[in-house]
Amino acid sequence: MSARVGDRIVVRTDPHGADRRHGTVREVLGSPDSPQYRVGWDDGHESFLYPGPDTSLVPAGQDQDAVDDSESGAPIGEHDPVERIMSYPVRTVDALDSLRAAAETLAEANVGALVVMRESTPLGIISERDIVRAVAGGGDPDEVWSADVIGVDTVWAAPTDPILHVAGLMRHASIRHVPLRAQGEVVGIVSARDILAVLYERC
């Protein structure tokens, strides 16, 4: 898709397409082959968007309701790209934030994992389980940094990787969250719960 400033963006936020998020393109970034947009969402938030199959473009001035009604909401299969079920925008925490600050962000955002950032560089992820283990092991939640509990090898995936492939990564590494990146940028995150919902539907 190719959007211009002022165009409307519609994103299906659940696998069945019942819930949608609407926003307006504020800035066009990336390249024609790998577009990225800065979007001002109708809920007052702003984030960078890497458009996926669940993203629809509504040119400025076009009736948005007509576009919403025309979406088919095709079922998602295990061989579809994982970007169809990824969560975005991704919640982050600074590498020097304490475990307590990370835990508060997890609770406020109601998510299970955060991407740890050092300035603009993603270092890895920190999950609820990581924080529990660190504190249970004697770590002071106000003295241990988020970067201190990142795993040695964070498992990453690309948004175009098949869902089943990412499921295999989770099983092999015994993890529950996989961040997705394209051209060095974090564009989404997927959880075991997201993947299980797809695999369950295929049973």
Side-chain angles (χ1 to χ4, degrees), residues 11 13-15 19 21 36 38-39 41 43-50 52 54 76 81-159 161-200:
V11 180
T13 57
D14 76 284
D19 295 324
R21 193 179 191 195
Q36 187 180 26
R38 181 169 62 86
V39 179
W41 301 102
D43 61 10
H45 293 86
E46 184 176 277
S47 65
F48 293 101
L49 172 68
Y50 174 87
D54 289 344
I76 298 174
V82 72
E83 64 188 352
R84 292 201 65 184
I85 60 171
M86 72 183 186
S87 297
Y88 51 89
V90 179
R91 297 304 298 264
T92 64
V93 64
D94 189 83
L96 300 183
D97 281 347
S98 67
L99 293 187
R100 185 182 302 278
E104 290 172 349
T105 301
L106 286 168
E108 182 272 328
N110 194 30
V111 295
L114 306 168
V115 173
V116 180
M117 304 289 294
R118 176 172 288 136
E119 296 181 352
S120 60
T121 302
L123 302 180
I125 64 171
I126 181 172
S127 68
E128 295 170 324
R129 183 164 57 176
D130 296 327
I131 294 175
V132 169
R133 285 178 173 174
V135 174
D140 186 330
D142 294 310
E143 297 295 333
V144 179
W145 295 343
S146 294
D148 292 336
V149 299
I150 297 175
V152 176
D153 296 311
T154 295
V155 176
W156 298 88
D161 286 342
I163 292 171
L164 191 60
H165 170 73
V166 179
L169 294 177
M170 288 183 173
R171 181 177 182 275
H172 179 74
S174 297
I175 54 177
R176 300 177 185 175
H177 299 85
V178 172
L180 310 175
R181 61 183 175 187
Q183 297 185 338
E185 297 288 335
V186 179
V187 298
I189 191 168
V190 64
S191 70
R193 180 180 298 178
D194 299 326
I195 289 179
L196 283 173
V198 175
L199 300 183
Y200 178 79

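How far CG of Leu49 is from CZ of Arg21: 9.0 Å, rounded to the nearest 0.5 Å. A distance of 7.5 Å separates CE in Met86 from OH in Tyr50, rounded to the nearest 0.5 Å. The CD1 atom of Ile85 lies 7.5 Å from the OG atom of Ser191; values are rounded to the nearest 0.5 Å. Taken from CD1 in Ile125 to CZ in Arg176, the straight-line distance is 11.5 Å, to the nearest 0.5 Å. The structure places CG of Asp161 at 13.5 Å from CH2 of Trp156, a figure rounded to the nearest 0.5 Å. Atom CG of Leu114 sits about 12.0 Å away from atom CG of Asp94, to the nearest 0.5 Å.
Residues Ser146 and Leu96 are not in side-chain contact: their nearest non-hydrogen atoms beyond the backbone lie 4.5 Å or more apart. Here the side chains of Val178 and Ile189 are not in contact, with every heavy-atom distance at 4.5 Å or above. Side-chain contact between Val155 and His177 is absent, with no heavy atoms from C-beta onward closer than 4.5 Å.
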For residues 129-145, dump all side-chain donor-acceptor pairs below 3.5 Å to protein atoms at least two apart in sequence or in another chain.
unit_1 : atom_1 : unit_2 : atom_2 : d
Arg129 : NH2    : Ser174 : O      : 3.2
Asp130 : OD2    : Ser127 : N      : 2.9
Asp130 : OD2    : Ser127 : OG     : 3.1
Asp140 : OD1    : Asp142 : N      : 2.8
Asp142 : OD1    : Arg100 : NE     : 2.6
Asp142 : OD2    : Arg100 : NE     : 3.3
Asp142 : OD2    : Arg100 : NH2    : 3.1

Show me, pair by pair, the donor-acceptor contacts under 3.5 angstrom made by side chains of residues 102-109, not counting sequence neighbours?
unit_1 : atom_1 : unit_2 : atom_2 : d
Thr105 : OG1    : Ala101 : O      : 3.0
Glu108 : OE1    : Arg91  : NH1    : 3.3
Glu108 : OE1    : Arg91  : NH2    : 2.9

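Of all heavy-atom pairs spanning Val115 and Pro122, the tightest one is CG1-CB, 4.0 Å. Residue Val187 comes nearest to Pro159 through the heavy atom pair CG2-CG, 3.9 Å, listed as atom of the first residue, atom of the second, then distance. When all heavy atoms of Ala157 and Val166 are compared, the closest pair comes out as CB-CG2, 4.1 Å. Residue Val190 comes nearest to Met170 through the heavy atom pair O-CE, 3.5 Å, listed as atom of the first residue, atom of the second, then distance. When all heavy atoms of Ala95 and Leu123 are compared, the pair lying nearest together is CB-CD1, 3.8 Å.
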Let's go through Leu99 and Val149 carefully: what are the C-alpha distance in whole Å and the side-chain angles of both, what is the deciding distance for side chain to side chain contact (heavy atoms under 4.5 Å, CB included) to 0.1 Å, and is it a yes or a no? CA-CA 9 Å; Leu99 293 187; Val149 299; 3.9 Å; yes

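For Arg118, there are no side chain to side chain donor-acceptor pair (under 3.5 Å) partners two or more places apart in sequence or in a different chain.
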